[in-house]
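For the numbers below, each heavy atom of this structure counts, side chains included, while hydrogens, waters and symmetry mates do not. Bear in mind the structure is a predicted one, so any value in this text is a computation, not a measurement. Chain letters run A, B, ... following the sequence lines, proteins first, then strands; residues in each count from 1.
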Number of protein chains: 2
Amino acid sequence: MSRNKVNYALIDDASQRKVSSNKRLKGLLKKSDELKTLCDVEVATVIYDPYKNEPYTFPNNDIVRNTFIKFKELPTLERSKNMVTREEFTMQRIKMLEEQLQKVRKENRVKEMTNEMYEVFKRKNVSADMNPSDLNDLVV
Amino acid sequence: MSRNKVNYALIDDASQRKVSSNKRLKGLLKKSDELKTLCDVEVATVIYDPYKNEPYTFPNNDIVRNTFIKFKELPTLERSKNMVTREEFTMQRIKMLEEQLQKVRKENRVKEMTNEMYEVFKRKNVSADMNPSDLNDLVV
DNA sequence: GGCTCTATGTATAATTA
DNA sequence: TTAATTATACATAGAGC
């Protein structure tokens, strides 16, 4: 069993090529979805299998259409200098919001831990005189 | 060293997200190229990184344009209503971030309250039988 | 930030049912 | 031919520079 290195060339055997194509298409869509979800990147893909009339799209037909419209508009957007300035401004705003979000989430995690301690504390009905530093031992 | 499983969710840390994005983008382009070359499949992709004006394309701008036009002209596909321009997309992104921030801040307040309860609890050594749902009443 | 390295998770070619 | 299985190539998170 077990695989060889991939030879970077068209797979000669048509049925084997189809099998590989199906597997790789599936893999590509998964990777696209991960890029989109983990990294907040907009991905739009159209894939034509030579044996099919209708293409596969990622993430779906409508979004691909929207992205393509944006793509077409690009040269128009690049015209103006003000546009760039404004866009930079907007990007700064996004960045700032993300930083805030990250900070608040971090605080959140700390509080989450303290709440867990509270639950443990309550459940076990332990003495309130317990040294808070002892709680550290309970952290999973 | 060595890696953990990928958590299927947005990577919180912006700079870490960027690193992952770059690696995964590279990987995705390679997979796209392999699908095309090994399996004779037509692939056209547009990728918008939120911090860049210009999208990445695979295999290149012209071919993407042609493939997308072919896709657009398919008679069976109905026209989309929700067409979004690049700018509207960016604004949506800001809105989403603001909503998230607000949500996390709200959660934060709840946890803040619980923490305060914990402190009171500890100080006064009150009964551990108090119902946690009572805390809800305290939320602003 | 970007680059290299490498351990480990993941994709998939080969094989079997 | 499609569906599972498994061994191995490949992608990439984490670490160090």
(request) Grab the CG-P distance between A:Leu38 and D:dG14 for me, whole Å please. (result) 11 Å
(message) Judged by each residue's nearest nucleotide on DNA chain D, which is more toward the 5′ side, A:Asn4 or A:Asn22?
(response) A:Asn22
(request) Find out whether the Lys NZ or Arg CZ of B:Lys72 is both under 6.0 angstrom from the six-membered ring centre of A:Phe68 and within 45° of the ring's axis. (result) no
(request) Could you tell me whether the phosphate oxygens of C:dT12, OP1 or OP2, come under 4.0 Å of any side-chain nitrogen or oxygen in A:Ser20? (result) no
(request) Check every atom of D:dA9, D:dG14, C:dT10 against the side chain of B:Gln16 and return the nucleotide holding the closest atom. (result) D:dG14
(message) Taking any heavy-atom pair under 4.0 Å as a contact, classify B:Lys18: base, sugar-phosphate, or nothing.
(response) nothing
(request) Round to a whole Å and report the spacing from CG of A:Leu28 to P of D:dA11. (result) 12 Å
(request) Test for a donor-acceptor pair under 3.5 Å between the base of C:dA13 and the side chain of A:Lys23, counting only N and O atoms. (result) yes
(message) As an exercise, state the distance from NZ of A:Lys31 to CG of B:Leu28, rounded to the nearest 0.5 Å.
(response) 9.0 Å
(message) In this structure, how many angstroms lie between the C1' atom of C:dA13 and the OH atom of A:Tyr8, rounded?
(response) 18 Å
(request) Please check if the side chain of B:Ser20 supplies one atom and the backbone of B:Gln16 the other of a donor-acceptor pair under 3.5 Å. (result) no
(message) Please tell me if A:Arg24 has a side-chain N or O lying less than 4.0 Å from either OP1 or OP2 of C:dA13.
(response) yes
(message) If I take atom CG in residue A:Asp13 and atom P in nucleotide C:dA14, what distance separates them, rounded to the nearest angstrom?
(response) 11 Å
(message) Please report the distance, rounded to the nearest Å, between CD in A:Glu34 and P in C:dG9.
(response) 15 Å
(request) To the nearest Å, give me how far apart CG (A:Asp33) and P (C:dT10) are. (result) 14 Å
(message) Just to be sure I understand the rule, does B:Val6 reach a base, reach only the sugar-phosphate, or reach nothing, if contact means heavy atoms closer than 4.0 Å?
(response) sugar-phosphate
(request) Examine the base of D:dA11 for any acceptor or donor lying under 3.5 Å from a partner atom in the side chain of B:Lys26, and report the outcome as yes or no. (result) no
(request) Kindly give the heavy-atom pair with the smallest separation between B:Arg17 and B:Asp12, and that separation in Å. (result) NH1-O, 3.3 Å
(request) Check the distance between C:dT10's C1' and A:Arg3's CZ and give it to me in whole angstrom. (result) 10 Å
(request) Name the residue closer to the 5' end of DNA chain C, choosing between A:Gly27 and B:Val19 according to the nucleotide with the nearest heavy atom. (result) B:Val19
(message) Measure CD1/B:Ile11 against P/D:dA13 and give the value in whole Å, please.
(response) 7 Å
(message) Is it the case that the side chains of A:Thr67 and B:Tyr48 hold a donor-acceptor pair, with the cut-off being a distance below 3.5 Å and no angle test?
(response) no
